[in-house]
Each structure stands twice: as structure tokens, then as C-alpha cells.
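Residue numbers start from 1 in every chain, and the chains themselves are labelled A, B, ... in the order their sequence lines are given, proteins ahead of strands. Remember, it's a predicted structure, so these values are computed and weren't measured experimentally.
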Amino acid sequence: MNNRIHRDLQSSKGLFQWKESGAGDPLEEVFKRALSRPKIFKNREVMRSDYVPEKLPHRDEHIRSLGEILSPTLRGSRPSNVFIYGKTGTGKTAVVKYVFKRFGEITSKEKLPLKFEYINCRIAGTEYRVLTELCGAIGVKVPFTGLSKAEVFNRLRRGLSEKGYLLVACFDEIDALVKNYGDNLLYELTRINEGFNGSGLSIIGVSNDLHFKDYLDPRVLSSLSEEELVFHPYTAIELIDILSERASEAFYEGAVPQEVINLCAALAAAEHGDARRAIDLLRVAAEVAERNGDEKVEEKHVRLAQNIIERGRVFEALSTLPLHSKLILTSLILLKRGGVGDPISGTVYQAYRELCGLIGVEPLTNRRVSSLISELDMLGVLKSDLVNRGRYGRTRKISLLTPIDEVEEVIRSDELLSTLLNHKLKIDLKRNR
DNA sequence: CCTCCACAGGAAGCGCAGGAGT
DNA sequence: ACTCCTGCGCTTCCTGTGGAGG
């Protein structure tokens with residue numbers, strides 16, 4: 001099993017290795033190759049996920065609607081709040097950023113007292129930081145910690161009325177904020193305009209959770225969704241247009257044939273029409289082709305890219321986990337390798353405590369481990385199904401969703417856990433004999 | 001029909017970090 | 001120096017629960 005992982009690692013590395021290895025100065029070779037290699041990328045920036053293109057194919061209607069809704073700002077009155085729904089990669093963020101950019105241009109040309117601020121609630125993280133960013137948008141300086149939320153809120157209100165700004169704020173992934181902190185802040189923000197005329201705050205809420213409305217207080221909902229926009233997933237045909245548009249800017253002519261674009265579009269369309277996925281796929285495929293020294297991107301590169309992206313996702317999700325989550329995964333691996341089918345939470349907790357004992361770490365409580373398992377479930381690493389076993393209680397059956405070898409690979413990238421794993425596996429082997 | 005298992009998962013609160021205001 | 005603020009990770013305590021077996 002060890003060998004297998006080793007082999008996997010080598011072969012995945014092998015992807016990036018040159019076909020022949022020359023002697024002498026190792027960098028010399030790299031330079032020479034890099035300079036003589038056929039070029040694929042003309043402009044790498046264009047394929048980055050946060051790039052806002054000049055043209056957004058198939059979103060004209062949405063751009064016009066949003067512009068229409070925001071147009072009162074140019075005449076100095078406050079526009080309606082807007083709610084935008086749509087799954088990931090349907091162009092919500094791109095449309096908002098694009099519209100903000102264009103309005104920003106007009107604003108600075110005409111010298112209007114307008115501010116447009118884009119905030120990603122999941123990245124901002126807390127209510128406090130969201131408020132801080134709003135303050136920052138209108139030039140009110142706020143320390144990043146130390147003040148009460150109420151104080152920051154007051155400063156925002158004072159700033160708005162003193163400076164006379166009209167602030168249009170986009171709360172992207174607004175569901176993340178509401179799920180963690182409730183809708184109190186939103187309620188307060190929708191009421192901040194009372195007593196203002198001309199200045200104030202308009203909110204654009206963006207969510208990819210279609211059931212998000214259910215979490216909201218009716219009062220917040222009604223004032224927040226004065227206008228609504230719904231973004232539908234892209235079809236494969238639309239994705240082809242989007243990719244072609246980007247590809248023509250990002251790559252040299254002939255480097256990316258049409259059938260490769262079609263393939264990327266088809267693969268992404270099969271997964272809910274996510275444009276971001278499609279673009280990532282094409283970018284990685286092109287990178288693979290480039291590193292390989294090939295002249296153009298081919299189907300095999302796209303297939304490899306698919307693999308790389310998948311592995312990258314797993315690795316990134318798992319390697320940044322805290323120690324105790326990794327210990328839980330380690331126990332799961334050991335139980336699986338030991339021939340236990342899908343263990344129940346009690347068994348996992350026992351194994352986990354044992355591991356903690358071995359490395360001299362104070363174990364967390366059952367309750368906390370239960371939460372960590374739920375978190376891993378939400379991450380999609382494992383699945384925990386509630387099962388009722390009558391007399392034998394009610395518990396969760398835990399199964400790995402990620403291939404066990406991939407999980408083990410990540411666990412083994414931590415030296416301590418790797419040693420622990422080897423140690424335990426050896427003991428189990430002896431016991432079985 | 002009732003009991004009782006083996007937990008799930010909500011609520012509250014604690015201690016700490018990292019700051020601000022006085 | 002002291003008080004007060006929030007977020008975070010965690011514990012403690014608690015109530016709830018579906019169905020096998022008596």
C-alpha cells in the first residue's frame with residue numbers, strides 16, 4: 001500500500017518533468033527550455049478567477065437590469081436594495097463587479113458623491129469586519145479590533161451623514177454572514193438610512209443558496225429584496241462562447257483548438273454550468289501543455305487538468321485542517337485499514353482518544369469531536385449518516401467520501417502523523433498474525 | 001406497548017487573545 | 001493600570017430520539 005502511494009506521487013510529479021534530463025547546470029537547462037518552449041499563454045491574467053472581462057457573454061440582460069436599478073444614484077437618489085440569486089459560476093460576481101466598474105468610471109468623471117464597495121462576506125468573515133470595510137469605503141478609519149460593533153456602526157452612520165456619500169455595497173456570499181451571525185446586522189443596515197436624504201446605503205445581496213430567504217426575518221427580507229435578479233446556470237453552448245471569448249485574449253492563436261474549448265465547456269456544463277470551473281479547467285490544461293513543452297492544448301491535457309484540480313482541491317481542503325481533525329481522519333484510516341466497515345462515532349472517538357494518548361495530546365471531548373466530524377462532513381471529506389440501531393442506540397455512521405489513499409497521502413505529509421500511522425499499522429499487523 | 005441504548009446536537013458559558021478607551 | 005469589547009475554540013450540561021428487544 002505504501003508502495004502504491006509512492007508510485008502515485010512519482011507519476012504525478014513525472015507530469016512536469018522534462019522528457020530527457022541533461023547534465024551540467026540544472027537551471028541552465030530550465031532557462032533554455034523556458035525560452036525555447038512554444039508559447040501558449042499570451043496573457044495569463046485573463047484566465048484568473050477574479051479577472052473581470054470587458055465583455056460578459058449572455059449576461060447583457062442582467063447587466064442592463066442592474067444598471068437600471070442603480071441608475072437613480074446618478075441623479076442623487078438612493079436606489080432600491082437588490083437581491084441576486086444564482087448558483088456558483090453563473091456570473092453574479094462578474095456582473096456586479098462589471099457594473100460597479102462602469103458606474104465608478106462615470107462617478108469619477110462627473111465627480112458624484114458616490115461610492116461602490118464590493119465585500120465578500122465569507123472572506124470578511126465576521127460582522128465586525130464587514131462593518132469595518134463599509135467604513136473604509138467612505139474613508140472612515142476604524143481599528144480592526146477593540147471597538148464594540150455598536151460603535152463601529154455609529155461611526156459608519158455618522159460618516160455617511162457628514163460626508164454626504166451614497167454608498168452602494170455588494171455583500172457577496174451574504175448567506176455565509178447570516179448563517180453564522182443571524183440577520184441582525186442586515187436589519188440594522190437596512191434601517192441606517194432613516195433620517196438621511198440623498199446620502200445613505202443601498203445593499204446588493206448576492207447568494208448562491210437558493211433557500212437563503214428562509215433564514216431571513218420577513219422585515220429584513222422585504223426591505224432587502226425590493227428588487228430581485230436570478231442568474232441561471234450557463235448552458236454548454238453559452239460556456240463555449242465564454243471560453244472562446246477568454247481564450248482569444250489569453251492564448252496565442254492556434255494554441256487552443258476549438259474542440260478543447262468544447263470539451264471544457266461540456267465537462268463544466270455537466271457540473272451545473274459553472275463558468276469558473278470551465279475557465280479553471282482550460283487554464284490548468286494550458287499550463288500542463290506549456291510545462292510539457294507541447295505546442296497546443298489537447299484533450300489529454302484537459303483530462304490531466306481535471307485530475308490535478310480534483311487532487312488539488314482535496315489536498316488543500318485537508319492539509320490546512322487543525323491537528324484534531326487530522327487525528328480524527330487518522331483514526332478513520334486506521335479503522336478502515338483494520339477492516340472495520342463504516343465505523344460509528346463512538347468507535348471513532350475511542351480510536352481518536354487512543355491516538356491522542358500515543359502522541360501525548362490532551363483529547364477533546366466527545367461533543368467537540370462530534371462538531372469536528374460535522375465540519376468534515378460539510379467539507380465533503382466524509383459522510384456521517386444518522387442511524388438508529390434500536391436497543392443499541394442512535395449514532396452516526398461515518399464513511400470517507402474521499403478515496404482513502406488520497407486522505408492518507410495528505411495525513412502522511414505531516415511527519416508526526418505519518419510516524420503515528422506507521423506505528424499503529426505495524427501493531428495491527430502483528431495482532432492479526 | 002414500554003424501555004432504554006448511545007449517542008446527536010442545542011444552549012450557555014469559560015478562558016484566552018488582541019485590541020481600544022479612559 | 002484598569003475596564004470593556006468581540007471572536008474563537010472549547011467544555012459542561014442538557015434534552016431529544018427511533019426502534020430492537022423485553
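Nearest to the side-chain atoms of A:R391 among the listed nucleotides B:dC7, B:dT3, B:dG9 stands B:dT3. When distances run from any side-chain atom of A:Y392 to the nucleotides C:dG21, C:dT11, C:dG19, the shortest one goes to C:dG21. Comparing atom distances between the A:R368 side chain and each of B:dA8, B:dA6, C:dC10 picks out C:dC10 as nearest. Distance from the side chain of A:R367 is smallest to B:dA11 among C:dG9, C:dG7, B:dA11. Set against B:dC7, B:dG21, C:dC10, the side chain of A:L364 has C:dC10 as its closest nucleotide.
The nearest pair of heavy atoms linking A:S345 to A:I398 is CA-CD1, 3.8 Å.
An OP1 or OP2 oxygen of B:dC7 is reached within less than 4.0 angstrom by no side-chain nitrogen or oxygen of A:S345. Contact annotation: A:R396 reaches the phosphate of B:dG9 (side-chain N/O to OP1 or OP2, under 4.0 Å). The side chain of A:T365 contributes no N or O atom lying less than 4.0 Å from OP1 or OP2 of C:dC10.
Taking atom CD1 of residue A:I373 and atom P of nucleotide C:dC10, one finds them 14 Å apart after rounding to whole Å. Atoms CZ (A:R129) and P (B:dG18) sit 14 Å apart, rounded to a whole Å. Put simply, CD on A:E375 is 8 Å from P on C:dG9, counting in whole angstrom units. As a whole-Å value, the separation of A:N388 CG from C:dG18 C1' is 4 Å. Rounded to whole angstrom, the span from the OH atom of A:Y128 across to the C1' atom of C:dC8 amounts to 16 Å. Atom P of nucleotide C:dG9 and atom CG of A:L372 are separated by 10 Å, given to the nearest angstrom. When the C1' atom of C:dT6 is taken as reference, atom CD of A:E151 falls 14 Å away, rounded to whole Å. In this structure, A:Y349 places its OH atom 11 Å from C1' of C:dT11, rounding to the nearest Å.
For the residue pair A:R157/A:S161, the side-chain donor-acceptor check at 3.5 Å is not satisfied. Between the side chains of A:N208 and A:T88, not a single donor N or O lies within less than 3.5 Å of an accepting N or O. No donor-acceptor contact under 3.5 angstrom links the side chains of A:R191 and A:S223, judged on distance only.
With a 6.0 Å cutoff to the six-membered ring centre and a 45° limit on the axis angle, A:R59 counts as a cation-pi contact of A:Y234.
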